[in-house]
2 protein chains.
Amino acid sequence: MPAWPPAGSGPSPVEGPSRLAGAPWATVRDRLRARGLRWTPQRRELIDVLAASTGHVTGSELVERCRAVDPATVPSTVYRTLHVLEALGLVSHSHGHDGREEFHVLPEVDHGHLHCTRCRRTWELPAGEAALLTAALREARGFAVDLSHLSVGGLCADCRAQLAALGSAGLALE
Amino acid sequence: MPAWPPAGSGPSPVEGPSRLAGAPWATVRDRLRARGLRWTPQRRELIDVLAASTGHVTGSELVERCRAVDPATVPSTVYRTLHVLEALGLVSHSHGHDGREEFHVLPEVDHGHLHCTRCRRTWELPAGEAALLTAALREARGFAVDLSHLSVGGLCADCRAQLAALGSAGLALE
DNA sequence: GTCGCTATTGCAACGAGCTGCGATAACGCG
DNA sequence: CGCGTTATCGCAGCTCGTTGCAATAGCGAC
């Protein structure tokens, strides 16, 4: 793993809106400052890592990736920064099947999660598919569903097929 | 808290092929043995505690209650026993809003959970209310929803009302 | 009763994540 | 450019839960 150029030494690769097209990361610094928050090297590192990530990442994965960039990285700082970024709307988090934190980079689209309790895979559940539920809950209880906190567990089609194939042979525990 | 009558003392209520009506705990010992598992004092303690519990309990709450009965209780044993009991279908667990484990004593009725991300209260979501979602997912994806792993987050009616009352004054973080 | 097999225990260490605290360093201002 | 304010850092320690391992103890068989 190539060491990154020491922060601040030498001209860093184009820091324009070039590759950041569609990436709000470029504006994070100003967004932080506008709130009286600060732009620190540690935060910059995490944001670099986030900008290179997509989809779901667990907190510890992010810690590891940061450590790859800067071995001096400390977990608490990463977690704290993640919470700050969440307040800015740049990431969101939910709890995976095992209760571990999963961060969601750039939650452009509001969606829930579907995960198979057998194969542990996860899918995104777009608002459309949950619409009936959210509408029903709003009407019946006045409850406003937050899709990012909607998590549905169960058996995916593949696993159901596999179990069916196994037939009644095994009352398998697992 | 009253000490429980020693197990096995006195005639236990009907224990037939009928229903484990109300007290499946009485049969736990035999169910364990039937599987080649063992009946130990530690397990008995946890089962006493469970029998005295209803609804949702977190793992650490159970550990505490066990420790109240027997200070020598060790967490790993409690957690391991809980997982064994889950395999027997006597408890089920899910992950709460904060990712912590919540155990569910005697999950007679299959249901999901609804929790408010603001006031942190939790409600049960009966199968009926989720039926539309589960049906839709089964048809569209062949996904079989496990209600005990269905968790819906959002704002409850009370909190929505409170927020509305606060008006546009606060762009509250929380 | 006691013997042996092995499930279970308790311990210690670990992993994820959070938190309080003193020290550091961003950043706005002059 | 230097100063003061205060957000942030790094550390140490804590909580919840899991895991590997050696020692213990259920329990079925003799």
Side-chain angles (χ1 to χ4, degrees), chain A residues 7-8 28-47 56-67 69-88 91-103 120 173-174, chain B residues 7-8 28-47 56-67 69-88 91-103 120 173-174:
Chain A
V28 177
R29 175 188 157 143
D30 298 319
R31 300 230 261 147
L32 284 170
R33 289 231 264 248
R35 285 207 182 197
L37 306 176
R38 291 172 189 173
W39 181 246
T40 67
Q42 295 85 343
R43 289 186 174 174
R44 187 183 162 349
E45 272 164 20
L46 174 57
I47 282 166
H56 311 87
V57 219
T58 67
S60 59
E61 270 168 4
L62 289 172
V63 171
E64 270 178 53
R65 293 186 197 174
C66 282
R67 241 200 263 273
V69 173
D70 173 7
T73 304
V74 124
S76 57
T77 298
V78 173
Y79 288 111
R80 281 193 281 226
T81 301
L82 282 169
H83 293 318
V84 169
L85 294 179
E86 186 162 22
L88 291 186
V91 300
S92 66
H93 86 283
S94 51
H95 293 278
H97 46 78
D98 53 357
R100 225 163 264 170
E101 277 194 321
E102 290 207 335
F103 287 89
R120 315 240 133 175
L173 313 175
E174 212 91 13
Chain B
V28 176
R29 176 189 156 141
D30 299 319
R31 301 230 260 147
L32 284 169
R33 289 230 265 247
R35 286 205 182 199
L37 305 178
R38 291 172 189 173
W39 181 245
T40 67
Q42 296 85 341
R43 288 186 175 173
R44 186 184 162 346
E45 272 164 21
L46 174 57
I47 282 166
H56 312 87
V57 219
T58 67
S60 59
E61 270 168 3
L62 289 171
V63 171
E64 269 179 54
R65 293 186 197 173
C66 283
R67 242 201 262 273
V69 174
D70 174 6
T73 304
V74 120
S76 57
T77 298
V78 173
Y79 287 111
R80 281 191 282 225
T81 301
L82 282 168
H83 293 317
V84 169
L85 294 179
E86 186 162 20
L88 292 187
V91 301
S92 67
H93 86 283
S94 52
H95 293 278
H97 46 79
D98 54 355
R100 225 163 265 170
E101 276 193 322
E102 290 207 335
F103 287 88
R120 315 240 134 175
L173 312 174
E174 220 132 356

Chemist: Quick one: is C:dT9 close enough that its OP1 or OP2 comes under 4.0 Å of any side-chain N or O from B:Thr40?
Modeler: yes
Chemist: Let me spell it out: for each of B:Thr58 and B:Pro41, pick the nucleotide of DNA chain D with the closest heavy atom. Which residue's pick is nearer the 5' end?
Modeler: B:Thr58
Chemist: Send over the distance from B:Leu82 CG to C:dT9 P, rounded to a whole Å.
Modeler: 11 Å
Chemist: Which is true for B:Arg100 with a 4.0 Å heavy-atom rule: it touches a base, it touches only sugar-phosphate, or it touches nothing?
Modeler: sugar-phosphate
Chemist: Can you find a donor-acceptor N/O pair under 3.5 angstrom joining the side chain of B:Arg80 to the base of D:dT18?
Modeler: no
Chemist: Nearest of D:dC9, C:dC27, D:dC27 to any side-chain atom of A:Thr77?
Modeler: D:dC9
Chemist: Of B:Leu37 and B:Ser76, whose closest DNA chain D nucleotide lies nearer the 5' terminus?
Modeler: B:Ser76
Chemist: Reckon A:Gln42 has a side-chain N or O less than 4.0 Å from the OP1 or OP2 of D:dG10?
Modeler: yes
Chemist: Are any side-chain N or O atoms of A:Glu86 and backbone N or O atoms of A:His93, one a donor and one an acceptor, separated by less than 3.5 Å?
Modeler: yes
Chemist: Step by step, would you call B:Val28 with B:Leu85 a side chain to side chain contact (heavy atoms under 4.5 Å, CB included)?
Modeler: CA-CA 9 Å; B:Val28 176; B:Leu85 294 179; 4.2 Å; yes
Chemist: How many whole angstroms separate atom CZ of B:Arg35 from atom C1' of C:dT6?
Modeler: 18 Å
Chemist: A:Tyr79 has a side chain; which of C:dG17, D:dG26, C:dG20 sits nearest to it?
Modeler: C:dG17
Chemist: Output the rounded distance in Å from CZ (B:Arg38) to P (C:dG4).
Modeler: 15 Å
Chemist: Roughly how far apart are B:Gln42 CD and B:Cys66 SG, rounded to 0.5 Å?
Modeler: 10.0 Å
Chemist: Within the distance-only criterion (no hydrogens, no angle test), does the side chain of A:Arg43 pair as donor or acceptor with the backbone N or O of A:Thr81 below 3.5 angstrom?
Modeler: no
Chemist: Out of D:dG26, D:dG10, C:dG17, which has the shortest distance to the side chain of A:Val74?
Modeler: D:dG10
Chemist: Please report, rounded to the nearest Å, how far the C1' atom of C:dA16 is from the CG atom of A:Leu62.
Modeler: 13 Å
Chemist: Touch check for A:His83, heavy atoms < 4.0 angstrom, all strands: base, sugar-phosphate only, or nothing?
Modeler: sugar-phosphate
Chemist: Just how far, in rounded Å, is C1' of C:dG15 from CD of A:Glu64?
Modeler: 11 Å
Chemist: Nearest-Å distance, CD (B:Glu45) to P (C:dT8)?
Modeler: 16 Å
Chemist: Which residue, B:Ala72 or B:Gly36, contacts DNA chain C at a nucleotide closer to its 5' end, judged by nearest heavy atom?
Modeler: B:Gly36
Chemist: In whole angstrom, what separates B:Glu102's CD from D:dC16's P?
Modeler: 13 Å
Chemist: For the atom pair NE2 (B:His56) and CD (B:Glu61), what is the distance rounded to the nearest 0.5 Å?
Modeler: 11.5 Å
Chemist: Expressed as a whole number of angstroms, how long is the span from B:Leu32:CG to C:dT8:C1'?
Modeler: 12 Å
Chemist: Is B:Arg43 near enough to C:dT8 that one of its side-chain N or O atoms lies under 4.0 angstrom from OP1 or OP2?
Modeler: yes
